[in-house]
Every structure is written in structure tokens, then in C-alpha cells.
Amino acid sequence: MGILNVTPDSFSDGGQFDRLDDALRHAERMVAEGAAILDVGGESTRPGASEVSESEEIERVVPVIEAIASRVDVPISIDTSKAGVMRAAVDAGACMINDVNALRGEGALEVAASLDVPVCLMHMQGGPRTMQQNPSYSEVVSDVTGFLLQRVAAAEAVGISRDNILLDPGFGFGKTLQHNLSLLRALPSLVGQGYPVLVGISRKSMLGMITGRDVDQRLAGSLAAALIALQGGAAILRVHDVAETVDVLRVWQAVSSAN
Ligand code: 7PM
């Protein structure tokens, strides 16, 4: 899964065409590099991001989704927590919902059920603004797993098919480095719950803490983490660096299928 951020246009004087053009080029590049899914996000769910209204988020992502859907042949996922954005994005051609809030937002469960598309339920402790202040768990792996299974129950209760559910431990979302490491190490136990697991670890600050490197120098760390996630049973890797991650995947697959 390649990450496609749709940034606000405040720094672009070329207006909407430039932004659309950039997004399209980035999307086409990731597809050429081997992305199987494109995750389009309007930045409202990013840790520390300022609140974006539903209409603004729709205006950001819908033109991009429409443009990509008409030009490339890979499924598009919408990274949002807002019910109205989910509906508008799927109407525009998205066929998967990626919700870092695990459908806890107003109307999100019902809208996701009515759209009948795969939904990734991610764990987050606290909200994007405050979650890194004092993350605390009694036991992080069982706490995160318990939360996700509760969200699965809530989703199934409104009619979301279990075949449409994916889980994500939410690396970096209300977690210390130790919490993130415990979750990555214990990935096989989450995978053992029987749902496909999505892992988003690409360039994240936990890699910066381990390696001492800034965000633009975390490729090797990201690839190491990607391989660990694959070995732990991850079904989808959400990444910035598609070509490099596809090489990791090929090496892992080659070894996995050897005699
Ligand atoms: C700043 C900090 C900007 C963190 C962006 C981020 C995930 C996600 C994100 C994830 C799923 C990033 C994050 N992370 N969706 N959206 N899983 N399912 O690094 O881990 O892209 S935003």
C-alpha cells in the first residue's frame, strides 16, 4: 500500500491543478513501482494535524480519487475517520476505508456498513493531539488486541461482514518506543486473531529513536521493519518507499517459498 498524501494548497501558487497533477504523478509512480493499493489521505488523521472540516477534507480528496481511479488500475483506500468523507470517497472510486479511529466517529460504523467495502480498524490511544503525552497500558499487546476485537464486535453488530475487516495495531499512535517494539515483536499473536493485519511503520519516529536518524534518512530502518512485519504475518504494508519495499517483499517471498 503506497501512501498518497493530499496536502493543503497553502504553499502552492499553482492552485488545484498543480496539486492534482502532483498527486497523479506520485500515484502513477507508486503503481509502476509495484503498489497494490493506494492510500489517499487528506491529513485530518495525522498525529498533531489541525482539524479539517468534513467539507474541506472532501474537497481535497475527491478530485484526487476521481483522477486516480480513471487512470490507474489499483484499488484506492481512503484514509479518514469522518463518515461523510468515507461516503464521498467511495462514491468517487475508493474501494477501501482506512480509519485510524476504528469507526468510533459519529456515523462511521453505519456508513461503513452501508458502503460494504473492506475497512481497516486501527488502534489509537487518546486523540491525535495528546496521544503521545503519556501513553500507558497494563499490557500493551493484550490491551491493543482487546480494543481491536471490541471494534470488530461493534463493526459486526452493525452488519459489517467479517470478511471486510482488517486490523492494525497503530504504530506510533499513543505508544512509547517500548510499546511499539512489543507490538511489532508480538505481531504473530495479532495475526492469529484471523483478520488480515495492516502495518504502518514507514519512516515513523520509532525508527528515528532506534537509529538516531531524521525522517528523510529512515529508509533502511523502514525496510528492516517491513521485513520483520512480513515475517510476523502482516498482510499489507503501508509505505512511502514502494519500489524498495517491493524488493524486500520479493526477497522474503523467494525465501518463504524455498524448499
Ligand atoms: C505524521 C505522523 C504524519 C504520522 C503522518 C503519520 C497509519 C495510518 C498513518 C498507520 C494506518 C504516517 C502517519 N499511520 N493508517 N495513517 N496505519 N492504517 O506515518 O500506521 O503515515 S499517518
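As the structure is a computational prediction, the values presented were derived from the model and not from experiment. Atoms within each ligand, like the ligands themselves, are counted from 1 in listed order.
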I need the atoms of ligand 1 closer than 4.0 Å to a non-hydrogen atom of [X], numbered in the order shown.
X	result
M122	10 (C), 11 (C), 17 (N)
D79	16 (N)
V100	8 (C), 15 (N), 16 (N)
L198	18 (N)

Does any N/O atom on [X] come nearer than 3.5 Å to any N/O atom on ligand 1?
X	result
D39	no
G170	no
R238	yes

Review point. Relative to the ring of H123, is the ring of Y137 parallel (under 30°), tilted (30 to 60°) or perpendicular (over 60°)?
Key: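 Ring orientation of Y137 relative to H123: tilted.
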Review point. So which of R203, Q132, K204, H240 gets nearest to atom 13 (C) of ligand 1, if we judge by its closest heavy atom?
Key: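 The nearest heavy atom belongs to K204.
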**Study point:** D214, D241, D216 screened by salt bridge (charged side-chain N to carboxylate O under 4.0 Å, His left out) with R203, the one that passes
**Key:**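 The salt bridge (charged side-chain N to carboxylate O under 4.0 Å, His left out) with R203 is passed solely by D241 among D214, D241, D216.
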Review point. Got a salt bridge between D79 and R238, using NZ or NE/NH1/NH2 to carboxylate O under 4.0 Å?
Key: yes
Check your understanding: Is the number of heavy atoms from other residues, nucleotides or ligands under 6.0 Å of E106 CD greater than 12?
Key ->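 Atom CD in E106 is not packed in, count stays at 12 or less.
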Point to revise | R185, CZ: over 12 other non-hydrogen atoms inside 6.0 angstrom | key: no
**Study point:** Atom pair CZ (R213) and CG (L207), whose distance is rounded to the nearest 0.5 Å
**Key:** 11.5 Å
